[in-house]
Amino acid sequence: MGKTKQLYEGKAKKVYATENPEEVIVSYKDDATALDGLKKGTIAGKGAINNRMTNFLMQLLEKNGVPTHFVEELNDRETVVKKVSIVPLEVIIRNISAGSFAKRYGVEEGIVFTQPTIEFSYKNDDLHDPLINSYHALALNLATQEEIEKIKEMAFKINEVLKEYFLSLGVKLVDFKLEFGRLSDGTLVLADEISPDTCRFWDAKTGEKLDKDRFRRDMGGVEDAYREMMNRVFGK
Ligand code: TMP
Ligand code: ASP
């Protein structure tokens, strides 16, 4: 399976067409942005780590009954995935207060919720991905009622699988962002990535941050944190 032409270049990935109209190839970059694209940099080795970790987690989710876009890992940075049209929602699940939640509601980071929360942002760079509720998503025709219900159900299921998996590696899954896509027949599948770029990971014993917050907050040790997560998943 080879790349034909580049279809899209995003902040962290490129997408290429293939000979199969139902499949595309994603290629993960080391580029990183934060703060709505204002902060730019590179995280050496990130592309390969995010590619391999995403593929591993998507296969774990498939085994647990969650349909995903994953098809086949080609090499360190490139993966064949099913072509989808992305539902323009960033779906965020939180188990512990952090980041924009702590800021928005004026609470400290680290409050463990009795139940996970879900929120949606409208994926729109010009508008800076505004927070919306499911009624707004319906009004804006971003998804149907059935799709929104399905997305909520899948997102909470994904949280249960991932939370337990990461805890077995000594990592607390604080929060994460998911994206969903529609196949050509309309089936909803998990798409995009699940990686230290899109999740907050805290070491269960020390609380050490093992994710992109080290880049967002200029904490140093960014590459080491990504490598540590890679080692926990793949063992070393
Ligand atoms: P937040 O606390 O900044 O809203 O982030 C919540 C989670 O979503 C966190 O794990 C990082 C992830 N995230 C993304 O993957 N992409 C984004 O553009 C944003 C804002 C957050
Ligand atoms: N990737 C997003 C940006 O470029 C946000 C983030 O992950 O912090 O702003």
Report yes or no: does [X] contribute a side-chain atom to a donor-acceptor pair with the main-chain N or O of [Y] at less than 3.5 Å?
{"X": "K157", "Y": "K152", "result": "no"}
{"X": "R214", "Y": "G220", "result": "yes"}
{"X": "E228", "Y": "A225", "result": "no"}

Can N51 and T79 be said to form a side chain to side chain donor-acceptor pair (under 3.5 Å), step by step? CA-CA 7 Å; N51 180 43; T79 295; 2.5 Å; yes
Donor on one side chain, acceptor on other, [X] and [Y], under 3.5 Å:
{"X": "S195", "Y": "D197", "value": "no"}
{"X": "S184", "Y": "E22", "value": "yes"}
{"X": "R232", "Y": "S168", "value": "no"}
{"X": "D129", "Y": "N124", "value": "no"}
{"X": "N75", "Y": "E78", "value": "yes"}

Quick test of your reading of the model: are [X] and [Y] salt-bridged, counting only N-O distances below 4.0 Å?
{"X": "D213", "Y": "R200", "answer": "yes"}
{"X": "R217", "Y": "E109", "answer": "yes"}
{"X": "K39", "Y": "D218", "answer": "yes"}
{"X": "E223", "Y": "R227", "answer": "no"}
{"X": "D31", "Y": "K46", "answer": "no"}

message = If you apply the rule ring-ring contact (aromatic ring centres under 6.0 Å, His included), what do you find for Y226 with F201, and how did you get there?
response = CA-CA 10 Å; Y226 279 70; F201 296 127; 9.0 Å; no
Inset, instruction - Report whether V171 and V233 are members of the same hydrophobic cluster (ILVMFWY, side-chain heavy atoms less than 4.5 Å apart, transitive linking). - result: yes
Any [X] side-chain heavy atom under 4.5 Å of [Y] side chain:
{"X": "F101", "Y": "I92", "value": "no"}
{"X": "E179", "Y": "V87", "value": "no"}
{"X": "I151", "Y": "F120", "value": "yes"}

Distance col, row K40:NZ vs L38:CG, nearest 0.5 angstrom, shows 7.5 Å
So CG of N95 and OG1 of T117: to nearest 0.5 Å the spacing works out to 8.0 Å
| message | Could you go through T18 and N20, starting from their C-alpha distance and side-chain angles, then the distance that decides it, and tell me whether this counts as side chain to side chain donor-acceptor pair (under 3.5 Å)? | response | CA-CA 5 Å; T18 69; N20 182 341; 5.4 Å; no
* How far apart are the C-alpha atoms of T68 and E62, what are their side-chain angles, what is the distance that settles it, and do they pass the side chain to side chain donor-acceptor pair (under 3.5 Å) test? -> CA-CA 7 Å; T68 78; E62 290 271 357; 2.7 Å; yes
Look at the rings of Y165 and F56 and say which category their plane angle falls in: under 30° parallel, 30 to 60° tilted, over 60° perpendicular.
tilted
